[in-house]
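Worksheet: one structure, shown below.
Order of the sequence lines sets the chain letters (A, B, ...), proteins ahead of strands, with each chain counted from 1.
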Amino acid sequence: MIDITFPDGRVQTYPKGTSALEIAKSISEGLARQVIAAEVNGEVRDLNRPINESAKIAFLKFEDKGGKKAFWHSTAHLMAEALESLYPGIKLGIGPPIENGFYYDIDFGDYTFGEADLEKVENKMKELAKQNNEYLRSEVSKDKALAFFTEKNDPYKLELIEALEDGNITFYTQGNFVDLCKGPHIPNTGIIKAVKLLSLAGAYWRGNEKNKMLTRIYGVSFPKQSLLDEHLQLLEEAKKRDHRRLGAELQLFMFSEKVGAGLPIWLPKGTFVRNQLENYLKEEQLKRGYQQVITPHIANKNLYITSGHYAKYGEGSFQPIKTPNENEEFFLKPMNCPHHCEIFKHVPHSYRELPIRIAEFGTVYRYEQSGELHGLSRVRSFTQDDAHIFCMPDQLKDEFLNVLDLTMQVLNRMGFSEFTAQISLRDPENKEKYIGSDEVWEKAESAIIDATREIGIPTITELGEAAFYGPKLDFMVKDALGRSWQLGTIQVDYNLPERFDLEYVASDNTKHRPVMIHRAPFGSFERFISLLIESTAGNFPLWLAPTQVMILPISDKFNAYAQYICDALKKDDFRAEIDQRQEKIGKKIRDAEVSKTPYMLIVGEKEELEGLVSARKHGQGDIGSMALKDFMLILKNELN
RNA sequence: GCCAAUGUAGCUCAGGGGUAGAGCACUUCCUUGGUAAGGAAGAGGUCAUGGGUUCAAUUCCCAUCAUUGGCUCCA
């Protein structure tokens with residue numbers, strides 16, 4: 001007999017070898033119908049797998065994370081089964097569950113699998129699901145596993161099995177389909193009631209671009225049709241927040257094929273938002289002892305030979321600009337740091353001056369791969385809110401804390417509460433990829449770790465994600481469709497001071513090497529604003545809204561009064577406009593709402609006679625009529 | 001860069017081997033209207049670009065460019 005401990009602490013005895021499904025049934029049939037996997041001693045397992053030792057058990061439904069994973073993983077197998085029956089001879093890569101669904105990587109050989117094929121596969125899956133086949137687990141020896149897939153002629157599975165240890169290999173079978181898989185899976189295909197194959201993509205085998213590109217099919221599935229409908233509805237909603245769509249609708253920015261791919265053009269309203277952000281940060285940085293500089297957009301090739309960037313990125317970058325002088329070449333600047341190093345070098349520095357903080361809203365140009373371009377989030381010309389701090393090694397932590405504080409302030413101010421702070425350290429297995437001594441790295445890494453701990457933000461740590469010149473802290477934010485983007489970054493750098501031979505005179509009159517911090521709280525205005533648009537759905541906070549108040553005269557008889565109100569608002573530095581079109585008030589309201597203007601003032605006969613305005617808040621509706629000064633008070637309160 | 005798909009009016013999209021259509025937006029006129037779309041008329045397109053097939057191509061084929069979804073990359 002074995003003791004089974006339930007999440008509420010209750011313990012019950014069952015015969016050895018009882019399955020989780022049987023345990024669930026012993027509690028209630030209803031529970032047994034809903035559970036799709038079980039967590040046994042913290043490990044998610046199949047429901048029908050016998051439990052042979054006393055254990056803590058928790059039942060997982062679709063709603064649970066582990067349940068979803070098993071459900072989607074099982075759907076991936078179902079898709080593979082459907083694909084094998086429709087396209088015999090295909091070879092399978094891997095097919096895991098992901099955050100919102102699953103995918104399977106398939107080698108279709110000579111067949112070009114297109115989007116038109118998706119529906120056919122979907123239908124086949126539904127048909128197979130109805131067969132209600134069980135997912136059966138079996139343990140196989142390595143020899144047998146290899147023999148099976150040699151017979152099946154699937155090189156990808158063979159490669160995977162080669163890397164596995166004998167005694168640790170399991171197959172799962174449902175219907176006519178057998179797959180190498182460590183599980184866990186749901187009990188049977190019958191509970192997969194709703195399936196949607198969403199998209200198609202190329203994906204290199206094992207994520208290596210030197211390998212063959214397989215066809216990746218993405219999909220999602222649910223135990224109820226209504227859940228799928230809901231999910232698709234959410235995806236539609238998310239698309240409405242896409243910054244590319246809102247950017248065009250709200251006239252914030254544009255692209256032009258003639259100007260070039262990935263080269264954003266900022267329209268007046270977008271420029272306004274960007275300038276507001278720039279002014280805000282400029283002011284903050286002034287308070288924190290930064291000095292603003294401006295450097296040219298191009299620089300002599302020699303600058304990047306010194307910095308080392310030419311060797312690393314020269315070929316894959318915008319190619320040099322030639323001059324009438326032979327052998328003279330200039331590059332569009334891909335980063336601002338080398339320029340700033342030259343500024344530091346311009347005059348000798350005493351330790352008394354440090355830290356020196358040099359800031360620039362520097363526009364940089366990088367030849368991003370064509371397939372990578374994405375709205376404002378990934379472009380070929382962008383402006384960083386860049387700064388480089390040159391300090392003594394023992395000032396590093398304090399400076400880092402200061403930068404961290406600024407970054408947090410920026411994120412808070414912009415309403416980004418959902419971000420991930422990622423500490424990127426070097427790969428301890430692969431130290432030769434990085435420059436600098438162990439001692440220097442340890443110091444830099446602990447400065448980052450200590451600083452984040454001190455300020456108390458949750459972090460995740462990624463080994464091997466550091467820049468080659470030093471560790472960094474990146475702030476990641478998700479877009480409307482759940483894709484993660486890096487915004488702010490703080491990087492410690494021992495490399496450039498070395499390459500540029502930067503030094504300061506210490507108290508003992510000897511020369512020392514400063515440490516450099518690269519930092520950008522926004523990252524770039526382009527990407528930051530793209531995410532700001534998506535997180536606010538285009539409803540900018542009042543201080544950022546290009547037009548704060550739209551004045552709507554009931555008819556053109558009241559244009560003069562509207563003008564008077566508008567002038568008064570402008571005089572107090574509010575951004576107001578008048579909609580003087582010969583349209584009905586309902587139409588003017590609708591247009592102001594659609595353009596996401598935060599406030600509307602309706603003025604007609606009543607308002608003019610009483611000297612009032614009727615206010616309306618975006619998304620909320622009528623907030624009553626009031627004296628203009630009271631309305632301005634509402635604005636002022638919201639701005640503070 | 002790679003794989004797949006898309007490209008028709010300012011926007012959203014329909015159409016289809018015989019030189020194009022809707023809604024919204026725009027212009028003009030009528031209407032002067034009270035809290036999310038008043039009415040009428042009009043203008044607007046080398047059907048992304050370049051080749052090819054064809055009596056005829058916006059439609060079929062190829063290439064290029066751009067865009068989209070991913071993969072790889074990201075100083």
Indicate, with a heavy-atom threshold strictly under 4.0 Å, whether Thr215(A) touches base, sugar-phosphate, or nothing. nothing
Atom C1', compared across rA56(B) and rU19(B): separation rounded to whole Å: 10 Å
If the cut-off is 4.0 Å, is Arg244(A) near the phosphate of rU68(B), judged by side-chain N/O to OP1 or OP2? yes
Out of rA36(B), rU32(B), rG34(B), minimum distance to the side chain of Ser555(A) belongs to rU32(B)
Quantified in whole Å, what is the P atom distance between nucleotide rG44(B) and nucleotide rG21(B)? 13 Å
Whether Phe113(A) stacks on the six-membered ring of rA4(B) base, 5.5 Å and 30° limits: no
Separation of the P atoms in rA5(B) and rC73(B), to the nearest angstrom: 25 Å
When we call it a touch if two heavy atoms are under 4.0 Å apart, what does Glu605(A) touch: a base, just sugar-phosphate, or nothing? base
Taking any heavy-atom pair under 4.0 Å as a contact, classify Gly207(A): base, sugar-phosphate, or nothing. sugar-phosphate
Determine, for Lys345(A) against Glu342(A), whether the closest basic-nitrogen to carboxylate-oxygen distance falls under 4.0 angstrom. no
Any N or O donor-acceptor pair linking the side chain of Glu257(A) to the base of rA66(B) at under 3.5 Å? no
Checking contacts here: which listed nucleotide (rA36(B), rA75(B), rG1(B)) is nearest the side-chain heavy atoms of Ser370(A)? rG1(B)
Within the structure, does a side-chain N or O atom of His374(A) lie under 4.0 Å from either OP1 or OP2 of rG69(B)? yes
When we call it a touch if two heavy atoms are under 4.0 Å apart, what does Gly586(A) touch: a base, just sugar-phosphate, or nothing? sugar-phosphate
Ranking rC71(B), rG38(B), rG69(B) by distance to the side chain of Glu583(A), first place goes to rG38(B)
Tell me if the aromatic rings of Phe631(A) and Tyr599(A) count as close, with their centers under 6.0 Å from one another. yes
Would you indicate what Glu593(A) reaches in the nucleic acid, counting non-hydrogen atoms under 4.0 angstrom: base, sugar-phosphate, or nothing? base
So does Arg378(A) reach the base of rC74(B) with its side chain, donor to acceptor, closer than 3.5 Å? yes
Please classify the nucleic acid contact of Tyr469(A) as base, sugar-phosphate, or nothing, using heavy-atom distances under 4.0 Å. sugar-phosphate
Should Arg483(A) be listed as having a side-chain N or O under 4.0 Å from OP1 or OP2 of rG70(B)? yes
When the P atoms of rU67(B) and rC29(B) are considered, how many whole Å apart are they? 41 Å
So does Lys587(A) get a side-chain nitrogen or oxygen closer than 4.0 Å to the phosphate oxygens (OP1/OP2) of rA25(B)? yes
Between Gln548(A) and Thr597(A), do the side chains contain a donor N or O and an acceptor N or O under 3.5 Å apart? no
Base, sugar-phosphate, or nothing: which does Glu607(A) touch, judged by heavy atoms less than 4.0 Å apart? base
For rU28(B) and rC11(B), measure between their C1' atoms and round to the nearest Å. 22 Å
Have a look at Thr112(A) and say if it touches a base, only the backbone sugar-phosphate, or nothing, with a 4.0 Å heavy-atom cut-off. sugar-phosphate
Just checking Tyr87(A) against Tyr111(A), ring centres under 6.0 Å apart? yes
Name the nucleic acid region contacted by Lys588(A), choosing base, sugar-phosphate or nothing; use a 4.0 angstrom heavy-atom cut-off, strictly under. nothing
